> 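The structure under discussion is supplied below as structure tokens; questions concerning it will follow.
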Amino acid sequence: MSSNYRRVKGTRDLLPPETAVWSAVESTARSVFGRYAYREIRTPVIEHTELFVRSVGESTDIVGKEMYTFDDRKGRSLTLRPENTASVARAYVENGMGNWPQPVKLFYIGPQFRYERPQKGRYRQFHQVGAELLGDASPLADVELLLMLDRFLRELGFEDLVVLVNTVGDEASRDHYRQRLVDFLTPRREALSEDSRRRLETNPLRILDSKHAGDREQLAGVPELVDSLSEEARSHFDQVLAGLDAHGLAYRVDNRLVRGLDYYSHTVFEIVSQDLGAQDALVGGGRYDGLVAALGGGAVPGIGFAIGEDRLIDLLPEAFRQEAATAVPATVVTVGAVAPAEALALAEELRSSGVECLVELAARSLKSSLKRADRHGVRQVILLGDDELAGGYVTLRDLELGEQRQVARADLGQVLQKPPHDRGTRT
RNA sequence: GUGAGCGUAGUUCAAUGGUAGAGCCCCGGAUUGUGGUUCCGGUUGUUGGGGGUUCGAAUCCCCUCGCUCACCCCA
């Protein structure tokens, strides 16, 4: 408000100490995904617009009205990625990953962009943590992916999140069902919302998860997609559910769950939370067996998920936040007539032995230095006065315990190596 | 794109047409070798911006920008 320069709408500055939480969440993702041998991929933030039109789908809202699209200086249409699966699939084809040992397991962490009106849990620049498994069509691959996702969320401390699963079948199943759905809804056309009437032509399946009250009424008695499944699609889904049962992963089958991106097939899933307001989807994902082929690759099956990192962090259990918060463990302070340069020299020694510390660089009264240390959330204060300098030791004061002791200067690095870890966050 | 609510100090908020304030935060100090409590002192505002009404506007009106929430859609 005081500045002429402001964040662009829908973006935000992530500041410490919050960034430490983000960092910890991302470390956990790397750790968990790593145990399943997923490796990180980093794709560009900008892509050719056509990539998203082809993969996400022309009739989707994302492509229709939510993309940051612009022409570069040569008139090529470029788009800030609205999601990351299309880029991963493109990279798979472009880099010949089809020749790598299959399946290829990739994860990504990064910003995505959608031009929407910002509100709770929805930003124009938001962040996703996602994983993609390419080259494995088996139902057990779906199961393993969901187990990995579940493990990640549990390591963050989430307990009661429920996975909603459904199948949208293979292409033949969907074609068959789409026709039945259109047959059912056409007589009711006039009672549908404007959006849904449009979808009847462009993307009928999307009408199923319309939240519009009138639409929901008209959907009473609608044919279920389950009944249109091919033998193979039915069997795939049954095996996925059996696998989840075998591992005790809680889920709910939601026959109305249809995801907003065109590339999905077979298994689709979502994790929603009641504590997020209107933007309740925390994770979305599913199988996309036709995507790589659509981008000019071979018939390579795929499955993946994307976690809304911003939303995830909104909901993060307090215990994990606490653990992630960082406090500065120590500061070096001079006493009496000792020059601050001596303190800096000592701090550098400590840093050489791996200790994290601040230094008081101004000559102040001890009283004032201690007060400042306390305000910075420092726990250990290293006092360096004439006596200490002459005796080759320091006085180490623990502000939390209110105790102090003398430590030989040579041992100080060792003593501070393991900082007390029980200090709370300062907010 | 549509609707609603809200814009006063870094922050949370007061001031209902008559001199823009308080708490917190931040900075300094209370005889420079001992912090947190306490006390003293200090910095910070074109009242989001522009226009109008009025002797006089943070306050009323119009426009505009921004924020928040919801619809829609999704992560």
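Letters go in sequence order (proteins before strands), and every chain restarts at 1. Because the structure is predicted, anything quoted here is derived from the model rather than measured. Note: hydrogens, waters and symmetry copies are ignored here, and every other heavy atom, side chains too, is used.
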> Between C60(B) and C72(B), how far is it from one C1' atom to the other, in whole Å?
36 Å
> Among U2(B), G35(B), C69(B), which is the nearest nucleotide to the side chain of Lys371(A)?
G35(B)
> Nearest-Å distance, CZ (Arg379(A)) to P (G35(B))?
18 Å
> Just to confirm, is there a sub-4.0 Å distance from OP1 or OP2 of G28(B) to any side-chain nitrogen or oxygen of Arg372(A)?
yes
> For the side chain of Arg122(A) and the base of C72(B), is some donor closer than 3.5 Å to an acceptor across the two?
yes
> Any salt bridge linking Arg30(A) with Glu40(A)? Criterion: basic side-chain nitrogen under 4.0 Å from a carboxylate oxygen.
yes
> How many whole angstroms separate atom NZ of Lys9(A) from atom C1' of G1(B)?
12 Å
> Between the base of G33(B) and the side chain of Arg397(A), is there a donor-acceptor distance below 3.5 Å?
no
> Does any nucleotide pair with A15(B) by Watson-Crick or G-U wobble geometry, both distances under 3.5 Å, and what is it?
none
> Under 6.0 Å between ring centres, would you say that holds for Tyr288(A) and Tyr263(A)?
yes
> Could you check whether Gln404(A) gets within reach of a base, just the sugar-phosphate, or nothing at all, counting any heavy atom under 4.0 Å?
base
> Heavy atoms only, 4.0 Å cut-off, all strands: where does Leu366(A) land among base, sugar-phosphate and nothing?
base
> Is the closest side-chain heavy-atom distance between Tyr393(A) and Asp387(A) below 4.5 Å?
yes
> Looking across every strand, which nucleic acid part, if any, lies under 4.0 Å from Val129(A) by heavy atom: base, sugar-phosphate, or nothing?
nothing
> Between Gln380(A) and Pro329(A), is there a side-chain heavy-atom distance shorter than 4.5 Å?
no
> Which of these nucleotides, A30(B), U34(B), C27(B), is closest to any side-chain atom of Arg375(A)?
C27(B)
> So what's G3(B) paired with, Watson-Crick or G-U wobble, going by both distances under 3.5 Å?
C69(B)
> Distance check, C1' atoms only: U16(B) and U68(B), in whole angstrom units.
24 Å
> So what does Tyr115(A) hit on the nucleic acid, given a heavy-atom distance under 4.0 Å: a base, only sugar-phosphate, or nothing?
nothing
> Does U47(B) have a Watson-Crick or wobble partner in any strand here, with both distances under 3.5 angstrom, and which is it?
none
> Touch check for Gly385(A), heavy atoms < 4.0 angstrom, all strands: base, sugar-phosphate only, or nothing?
base
